[in-house]
Amino acid sequence: MARIVTAADGIEAALAELEAGRTVVVPTETVYGLAADAANGEAVARIFEAKGRPRFNPLIAHVHDREMAERVGRLDVMTGRLADAFWPGPLTLVVPLRENAGLSPLVTAGLDTVALRMPRGFAHELIGRFGRPIAAPSANRSGRVTGTTAAAVDADLGDRTGLIVDGGPTPVGVESTIVRVEGGRIVMLRPGGVTAEEIEAATGVTVERTHGGAIVAPGMLASHYAPRAGLRMDSTKVMPGEALLAFGPERIPGADGAVASLNLSATGDLREAAANLFSHLLALDRSGAASIAVEPVPTHGLGEAINDRLARAAAPRDGKI
Ligand code: TXA
Ligand code: MG
């Protein structure tokens, strides 16, 4: 298993891993990231190796400040406004890649765009010390539930990375929102920690959604966030033998008979629900129930990202669970 250090004394150890071209798991405000030097192709390849991720998935380049962002990508007026409003924070901006960006092409998977994000917390401080971008997908094996605690990451990836920096449970709990700006239009490629409503309030521009078609953000592949158990969304009752993922103060019929039961937020708070989402899914998965009934979660605000992740977790798995 990996060596686990606390965030308080993890900076030097994490820097040493990055400098040596190895991966290191670091906390961000959204989820844990499996980080490596974005300029070092071998280091980035280790990320794919550890995750068992299809190579065509581009990664997010995490930056410390606007200057670092401008060194790798071109931020136009609207992306600049979004960065001003939400960085550091859970918003990723897909922008044109600079020719001399210095990133390994593995990071962008050969695209002429790059996904940029300025995280909060330990990761932010680490990148500042490191002095150049780090690539960091969510710290989970491809297709598995995203890690929001060091223990969950250790169980999933501990034998595939040398060091995990423990910063406690990640406060946001779902990945960043990904948007692309096209001629003043804002297209949401993945819902996440910043809501469409917040983006609209900050910019005055209506956020557009992508509707199926070509894979623009492969994180949107169905079954990307799959627990082992099956998931029944918007359940109206708990079936015999099922576990229950509850939401809010009121229970659906059959809840008392659930094999295991956890509430995303007893008060119906979507922010708390997002923070609990992946850890609760993992815990219910461990109960051994073949299926998890999920109570309806509202679709407004952060509920959009929560329902998106639940729908992916509920999707058929093409046979490989
Ligand atoms: O909150 C987060 O964003 C976390 C933490 C660790 O920062 N990171 C994360 O990374 O979720 P990852 O690699 O699991 O998801 C990145 C998503 C992928 O779905 C990828 O396809 C998309 O970003 N992406 C990356 N570059 C892109 C690009 N140039 N155009 C469109 N989508 C892109
Ligand atoms: Mg991911």
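The basis for the numbers below is simple: all heavy atoms, side chains too, and nothing from hydrogens, waters or symmetry mates. Numbers here are sequence positions counted from 1.
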Looking at R271 and E198, is there a salt bridge between them, counting it only when a charged N and a carboxylate O are closer than 4.0 Å?
yes
Measure the spacing between OG of S176 and CG of L116 and express it to the nearest 0.5 Å.
11.0 Å
Between R180 and R185, does a side chain to side chain contact (heavy atoms under 4.5 Å, CB included) hold up when you go through it step by step?
CA-CA 8 Å; R180 190 180 58 211; R185 293 166 53 207; over 6 Å; no
Just by distance, no angles: are the side chains of S138 and N140 close enough, under 3.5 Å, to form a donor-acceptor pair?
yes
Roughly how far apart are I127 CD1 and H62 NE2, rounded to 0.5 Å?
6.5 Å
Polar side chain donor-acceptor pair, R309 to T146, under 3.5 angstrom:
no
Rounded distance (nearest 0.5 Å) linking atom CZ of R228 with atom CD1 of I292
12.0 Å
Enumerate donor-acceptor pairs with a distance under 3.5 Å from any side-chain N or O in residues 15-27 to protein atoms, sequence neighbours excluded.
unit_1, atom_1, unit_2, atom_2, d
E17, OE1, R22, NE, 2.9
E17, OE2, R22, NH2, 3.3
T23, OG1, T161, OG1, 2.9

Distance check, rounded to the nearest 0.5 Å: F247 atom CZ versus N276 atom CG?
10.5 Å
Just how far is it from atom CE of M68 to atom CZ of F130, taken to the nearest 0.5 Å?
9.0 Å
Between R251 and N263, the two heavy atoms sitting closest are NH1-ND2, 3.5 Å
Side chains of S291 and E242 only: does a donor on one sit below 3.5 Å from an acceptor on the other?
yes
What distance do F48 atom CZ and L34 atom CG have between them, rounded to the nearest 0.5 Å?
10.5 Å
For V238, the rest of its hydrophobic cluster, which grows through side-chain links under 4.5 angstrom
L244, I252
When you measure from the side chain of S104 to the backbone N and O of L106, does any donor-acceptor pair fall under 3.5 Å?
yes
Strictly distance-based, threshold 3.5 Å: is any side-chain N or O of Y32 a donor or acceptor partner for the main-chain N or O of I164?
no
Within a strict 4.5 Å, meaning less than it, do heavy atoms of the M78 and T203 side chains meet?
yes
Under a 4.0 Å threshold between the charged nitrogen and the carboxylate oxygen, would R66 count as salt-bridged to D84?
yes
